[in-house]
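Reading through the C-alpha cells given below for one structure.
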Amino acid sequence: MAAIESTQARADHFRSGLLFAIGSALAFGSSGPFAKSLMEAGWSPTAAVTARLAGGALAMAVFATIARPGWLREARGHVQTIVLYGLVPIAGAQLFYYNAVSHLSVAVALLLEYTAPIIVVGWLWATTRTRPTSLTLGGVVLAVAGIMLVLGVFGPGGLAAAHINVVGVGWGLAAAVCAACYFLMSDKAGAEGPDGQTPVHPITLAAGGLIVGALAVAALGMTGVMPLVFTANDAVVAGWATSWIVPVVALALIPTAIAYTLGIVGIARLRPRFASLVGLSEVMFAVLAAWVLLGEAVTVSQGIGGVIVLVGLALARLGDRGELAADTVTWPDAPVVGGLTPAKLD
C-alpha cells in the first residue's frame, strides 16, 4: 500500500510539474506581441526589456512580501544563486534575443534561441558522461524541425529570404545559451545543496532574479551601452489603440512575474532536459498570441509544425522514461511491479 501511494505521489508530482511548465510556456509566449506593440510605438528594445523586468520585479516583490514574508532574508542566504539567475537567464536572455531581432527576422532569431534544448542535452551528456537515449535525441531533432515549420523557415526562399548575418546569429546563439542556463539553473536552485543547504524557494528566486535583471538592464541603458528610448505614444493591441501602460503592465505580469514563477516550480518537478523540451511549446503559444493580439494568421504549415513539436516532446518523454528504467529509477506514472516500486534517485 505504501509503495502504491508513493508511486501515485510521484505521478502527481510529475503531472503538476508538467502543468506548471506548460503554463509558463503559455505565459512566456505572450511577451512577443506585447513587446512588439511597444516597439512599434517608438520604444527601443532595451526600454521594453527594462519596463518588462522592472514591472515584473515590482509585482513579484509585492507578491513575495505577502506570500512569503521572509523572502528578503532567504535571498541574502542565496545571494550568489539569485544574482547569477538575474544576470544570465533573465537579463541576458532578453537582451540577446532583442539584439538578434534587430539583425535578423523574428522567425530566425526565435529559431536560434530555441536551440537551447540541444545545448541542455549536450551539456548533460558532457557533464554526466551518459549518452541520451535514441528516443530523446530523436525527439530533439523532431521538435526543432517542427519549430522550423512553425516559424516559416521552410517557406518560400527558405533561409535565403531570412536576411541572415553573422552578428545576428551570434546574438541569437547567445540568447540560446542563456535560455539553456534558465533550465539548468532553475533545476539546480530547486535542489538541496551538497552541504544540506535548503533550496531557494521559487518565489524568492523569481523576485530576487527579476530585481537583479531589471537593475542590470537599466544600468546598460542609462550608461549608454544600449539605447534606452521611451515614448508616451499609444500602442495597438488586438487591433485597439490603447495607452502604453496596458502592454507594460501585461508584460510585467504575464510573461514575466507569472511565467518565471511557474517555470521555476515546473522545472524543479521535471528533469531539466525534458522541461527544456516542454519549453519549446512557447513558440506555438507565441504564434497563437500573435494571431489573437496582432492579427497574424496561423498557416497550415505552422499547424503541422505544432503537431510535429508535440510528437517530438512525446518521443523525448519516452526517451527519458527509458533512461530512468535503465538506471532502475521508475518514471512517476510507471506501474508497480509485484507490489514494489524502486526508489527514486533524482
Side-chain angles (χ1 to χ4, degrees), residues 24-25 27-29 31-32 35 39 43-57 60 75 78-104 106 108-120 122-123 166-190 200 202 204-228 251-252 255-257 259-261 263-264 267 272 275-276 279-280 282-283 286:
S24 175
F28 273 127
S31 67
M39 287 186 277
W43 290 50
S44 68
T46 306
V49 174
T50 300
R52 174 185 176 181
L53 296 184
M60 278 304 303
H78 296 273
V79 63
Q80 182 178 358
T81 297
I82 288 174
V83 169
L84 287 175
Y85 193 84
L87 292 178
V88 181
I90 294 182
Q94 302 302 321
L95 280 176
F96 293 153
Y97 169 67
Y98 283 117
N99 275 281
V101 168
S102 69
H103 293 281
L104 303 168
V106 172
V108 173
L110 265 177
L111 176 62
L112 288 170
E113 183 178 12
Y114 278 91
T115 58
I118 299 176
I119 297 174
V120 171
W123 174 261
V166 176
V167 175
V169 169
W171 284 117
L173 292 177
V177 172
C178 290
C181 289
Y182 164 67
F183 294 105
L184 294 169
M185 293 177 67
S186 294
D187 176 68
K188 185 177 180 180
V200 58
T204 300
L205 183 59
L210 285 171
I211 291 172
V212 172
L215 291 175
V217 175
L220 289 176
M222 289 186 292
T223 56
V225 175
M226 305 289 289
L228 190 66
L251 276 172
T256 309
Y260 276 108
T261 302
I264 293 168
I267 293 167
S276 70
L280 290 170
E282 180 187 334
V283 177

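Gln94 contributes atom CD, which lies 11.5 Å from atom CG of Asn99 (distance to the nearest 0.5 angstrom). With rounding to the nearest 0.5 angstrom, the CD1 atom of Ile211 is 9.0 Å from the CD1 atom of Ile82. We find the CG-OG1 distance between Leu210 and Thr261 to be 7.5 Å, quoted to the nearest 0.5 Å.
Between Gly56 and Ala257 the shortest heavy-atom distance is O-CB, 4.0 Å. Of all heavy-atom pairs between Leu205 and Thr81, the closest is CD1-CG2, 4.2 Å. For Ala93 against Ala175, the heavy-atom pair with the smallest separation is O-CB, 4.1 Å. Of all the heavy atoms in Met60 and Ala206, the pair that sits closest is CE-CB, 3.9 Å. Of all non-hydrogen atoms in Gly168 and Ala100, the two that sit nearest each other are O-CB, 3.9 Å. In terms of heavy-atom proximity, Ala176 sits nearest to Ala116 at O-CB, 3.5 Å.
Thr115 places no side-chain N or O within donor-acceptor distance of the main-chain N or O of Ile118, the cut-off being under 3.5 Å.
Below 30°, between 30° and 60°, or above 60°: for Phe96 and Trp171 the angle between ring planes is between 30° and 60°, a tilted geometry. Ring geometry for Tyr260 versus Tyr182: interplanar angle over 60°, hence perpendicular rather than tilted (30 to 60°).
Residues Met185 and Leu84 meet the side-chain proximity criterion, which asks for heavy atoms closer than 4.5 Å.
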Worksheet item: Can you list the steps and then say if Leu53 with Ile90 is a side-chain contact (heavy atoms from CB on, under 4.5 Å)?
Response: CA-CA 8 Å; Leu53 296 184; Ile90 294 182; 3.6 Å; yes
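Considering Val217, Thr50, Thr46, Val49 as possible partners of Met226, the one that fulfils the side-chain contact (heavy atoms from CB on, under 4.5 Å) test is Thr46.
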